[in-house]
Visitor: 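This is the structure, below, for whatever I ask next.
Throughout, protein chains are lettered first and strands after them, A, B, ... in sequence-line order, and every chain is numbered starting at 1. Heavy atoms only: backbone and side chains are in, while hydrogens, waters and symmetry mates are out.
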2 protein chains.
Amino acid sequence: MAIKDRKEREKLDKRKLIIESATRLFLEMGYEKTSIRTIADDIEYSPATIYLYFKEKDEIFFVLHEQGFDILNKEFATLGSIKDPFKRLAAMGKAYLDFAFKNPDYYDLMFIMRAPLTEIACHDKWEAGDAAISHLFKGVSECIDQKLIRDGDVFMISMTIWSYVHGVASLHIRERFKSVKESGDGEIQKMLKTSLDYFLAGLKV
Amino acid sequence: MAIKDRKEREKLDKRKLIIESATRLFLEMGYEKTSIRTIADDIEYSPATIYLYFKEKDEIFFVLHEQGFDILNKEFATLGSIKDPFKRLAAMGKAYLDFAFKNPDYYDLMFIMRAPLTEIACHDKWEAGDAAISHLFKGVSECIDQKLIRDGDVFMISMTIWSYVHGVASLHIRERFKSVKESGDGEIQKMLKTSLDYFLAGLKV
DNA sequence: TTGAAATATAAACAGTGTTTAGTATATTTG
DNA sequence: CAAATATACTAAACACTGTTTATATTTCAA
């Protein structure tokens with residue numbers, strides 16, 4: 001059944017074509033302007049065709065959301081060489097914020113938007129997110145073992161750290177810091193760097 | 001010119017009518033389902049009429065966003081009686097999270113959505129937000145003066161605290177905690193309470 | 001009473017995600 | 001090889017969205 005195989009390959013190729021178009025449009029024009037019709041236009045097929053390869057728009061953006069996690073997880077993976085778990089945790093915090101500031105659209109999809117949420121719920125395991133979170137768990141758990149940070153439940157402390165960095169990232173992306181105190185991007189960036197240090201110091205025993 | 005006065009009153013009355021309808025629909029059905037047409041239907045006018053009283057949809061939601069801040073600021077005001085600035089800060093953190101969990105739609109509008117942002121930029125002072133933030137500034141500044149928390153720039157520390165509580169609130173509202181570890185709402189609530197205590201302890205000298 | 005100003009709306013514009021019904025092509029079967 | 005079937009695709013429609021425009025009606029001042 002070589003023909004069936006080829007057909008399957010072609011089906012996957014078209015899915016890939018759609019995803020590649022969606023990715024480019026998304027990164028160039030943002031979420032709002034990446035509509036089914038603009039993707040269809042881009043790949044020179046009718047909008048209805050896209051629905052032969054994806055159940056709904058969110059299924060496309062779920063794939064993009066996974067791409068974002070791939071980038072973040074790769075960043076985290078490079079920090080594995082840092083032996084001191086607290087220094088590694090600090091580096092992860094910095095890497096997380098760098099990722100958010102450099103890829104605000106991906107960050108939005110991954111942590112702020114409701115868009116891919118129905119899809120996340122479908123796959124009962126949030127694999128993309130789990131990989132990133134387990135890096136955090138590992139760091140926190142080692143810090144506790146070596147008594148580098150104040151004792152407490154690993155999950156609770158991990159969520160505390162995630163909450164802080166997510167708060168910084170999302171308030172910055174949604175421009176709430178600028179609303180509070182009008183200042184240049186550089187100033188805010190500097191303040192946030194100091195803030196991360198201040199937060200991390202608070203974790204120490 | 002009594003007639004002109006009456007006309008002005010009537011104009012404000014209709015604005016109020018629109019806002020009241022928008023508020024009810026927003027709280028009952030959420031942001032997505034509160035469209036210009038559903039509001040128009042509700043107040044028994046045509047959609048075009050709404051544009052005689054509001055420049056755009058966001059102008060309506062900017063008013064709702066201000067309503068949210070009124071509620072939050074009232075909560076903060078009741079905490080003014082707490083003399084110990086650190087205890088007051090802790091109470092404010094709890095109040096902030098309580099507000100977010102009880103009024104997720106308002107919270108969304110105030111701190112997560114892009115919707116009222118163009119309007120925020122128009123009014124060059126973000127009055128609604130400023131009132132809330134200045135409560136925080138005051139608390140932080142008093143804590144530093146009395147050496148109750150680690151020294152540092154007032155603005156930076158305030159943003160650190162805001163980032164943490166906003167992170168908790170927004171990750172919870174957008175259901176990212178549930179994605180990480182499937183657990184009941186009660187469990188998460190308890191964990192987050194412990195997390196707040198853990199975070200606050202980290203601020204202390 | 002007449003003319004101007006204010007108020008309201010039907011209808012249209014341009015866009016969205018999604019579905020349906022129908023066509024053209026490719027493949028399998030008798 | 002021809003007929004039947006399965007696949008791939010799309011035009012057009014559906015039900016929405018925010019917003020604008022041209023038109024009609026009402027209200028008030030001169």
Side-chain angles (χ1 to χ4, degrees), chain A residues 1-19 21-22 25-26 29-65 108-109 113-119 122, chain B residues 1-19 21-22 25-26 29-65 108-109 113-119 122:
Chain A
M1 280 292 163
I3 289 169
K4 219 169 198 175
D5 287 6
R6 195 205 67 210
K7 289 247 164 178
E8 232 163 84
R9 259 197 337 268
E10 282 175 358
K11 190 128 200 166
L12 284 174
D13 280 356
K14 197 138 287 165
R15 253 187 91 100
K16 208 177 154 194
L17 184 72
I18 293 166
I19 289 294
S21 166
L25 291 171
F26 173 67
M29 334 266 271
Y31 179 83
E32 305 279 271
K33 300 213 164 170
T34 308
S35 68
I36 296 294
R37 278 172 180 82
T38 58
I39 298 171
D41 256 33
D42 188 56
I43 61 173
E44 296 177 297
Y45 279 86
S46 85
T49 301
I50 292 174
Y51 286 89
L52 299 174
Y53 299 90
F54 293 91
K55 194 179 113 272
E56 56 191 3
K57 200 196 173 188
D58 281 2
E59 198 180 326
I60 299 175
F61 281 92
F62 178 74
V63 178
L64 296 204
H65 138 283
D108 216 316
L109 222 49
M113 293 192 131
R114 274 196 231 276
L117 224 76
T118 51
E119 282 298 320
C122 282
Chain B
M1 280 290 164
I3 290 169
K4 219 168 197 175
D5 287 6
R6 196 206 67 210
K7 288 246 165 179
E8 232 164 84
R9 258 197 338 268
E10 282 175 356
K11 190 129 199 163
L12 284 174
D13 280 357
K14 195 139 287 167
R15 253 186 92 98
K16 209 177 153 194
L17 183 72
I18 293 166
I19 290 294
S21 166
L25 290 171
F26 172 67
M29 334 265 271
Y31 178 83
E32 304 279 272
K33 299 212 164 171
T34 308
S35 70
I36 296 295
R37 278 172 180 82
T38 58
I39 298 171
D41 257 33
D42 188 56
I43 61 173
E44 296 176 300
Y45 280 87
S46 85
T49 301
I50 292 174
Y51 286 88
L52 298 175
Y53 299 91
F54 293 90
K55 194 178 113 273
E56 56 191 2
K57 200 197 174 188
D58 281 1
E59 199 180 326
I60 299 175
F61 280 92
F62 179 74
V63 178
L64 296 204
H65 138 283
D108 216 316
L109 222 48
M113 292 192 132
R114 273 196 231 276
L117 224 78
T118 53
E119 282 297 318
C122 282

Visitor: In whole Å, what is the span from the CD1 atom of B:I50 to the C1' atom of D:dT20?
Guide: 14 Å
Visitor: On the nucleotide D:dC9, are OP1 or OP2 found under 4.0 Å from the side-chain N or O atoms that A:S46 carries?
Guide: no
Visitor: How about A:Y53 and A:L17: do any of their side-chain heavy atoms sit closer than 4.5 Å?
Guide: no
Visitor: Just the rounded figure in Å: distance from P of D:dT7 to NZ of A:K14.
Guide: 15 Å
Visitor: Starting the side chain at C-beta, find the nucleotide from C:dT19, D:dG18, C:dT9 nearest to B:Y45.
Guide: C:dT9
Visitor: Round to a whole Å and report the spacing from OH of B:Y51 to P of C:dA12.
Guide: 18 Å
Visitor: Output the single nucleotide from D:dG18, C:dT18, C:dT16 whose closest atom is nearest the side chain of A:I36.
Guide: C:dT18
Visitor: Please state how far atom NZ in B:K57 lies from atom P in D:dT19, giving the value in whole angstrom units.
Guide: 8 Å
Visitor: Is the distance from OP1 or OP2 of D:dT10 to the nearest side-chain N or O of A:T49 less than 4.0 Å?
Guide: yes
Visitor: Report the nucleotide, chosen from C:dT18, C:dT9, C:dT20, that has the shortest atom-to-atom distance to any side-chain atom of A:P47.
Guide: C:dT18
Visitor: Rounded to whole Å, please give me the gap between OH in B:Y31 and C1' in D:dT17.
Guide: 11 Å
Visitor: Write down the distance between CD1 (A:I18) and C1' (D:dA8), rounded to a whole number of angstrom.
Guide: 12 Å
Visitor: Closest approach to the side chain of B:E56, judged atom by atom: which nucleotide of C:dA8, D:dT19, C:dT16 is it?
Guide: D:dT19
Visitor: Any side-chain heavy atom of A:I60 sitting closer than 4.5 Å to one from A:I36?
Guide: yes
Visitor: Considering only side-chain heavy atoms of A:A48, which listed nucleotide, D:dA13, D:dA11, D:dC9, is closest?
Guide: D:dA11
Visitor: Among C:dT18, D:dT17, D:dT19, which nucleotide has an atom closest to any side-chain atom of B:S35?
Guide: D:dT17
Visitor: Quick check: do A:L52 and A:K14 have side-chain heavy atoms less than 4.5 Å from each other?
Guide: no
Visitor: Does the cation-pi check pass for A:K57 over A:Y31, that is, NZ or CZ under 6.0 Å from the six-membered ring centre and within 45° of its axis?
Guide: yes
Visitor: Nearest-Å distance, OH (B:Y53) to P (D:dT19)?
Guide: 18 Å
Visitor: Quick check: do A:E59 and A:F62 have side-chain heavy atoms less than 4.5 Å from each other?
Guide: no
Visitor: Distance check needed: D:dT25 C1' versus B:L52 CG, whole Å only.
Guide: 14 Å
Visitor: Identify whether any heavy atom of B:K33 sits under 4.0 Å from a base atom; if not, whether one sits that close to sugar-phosphate; answer base, sugar-phosphate or nothing.
Guide: nothing
Visitor: Does a distance-only test, which skips hydrogens and angles, find a donor-acceptor pair under 3.5 Å between the side chain of B:R37 and the base of D:dG18?
Guide: yes
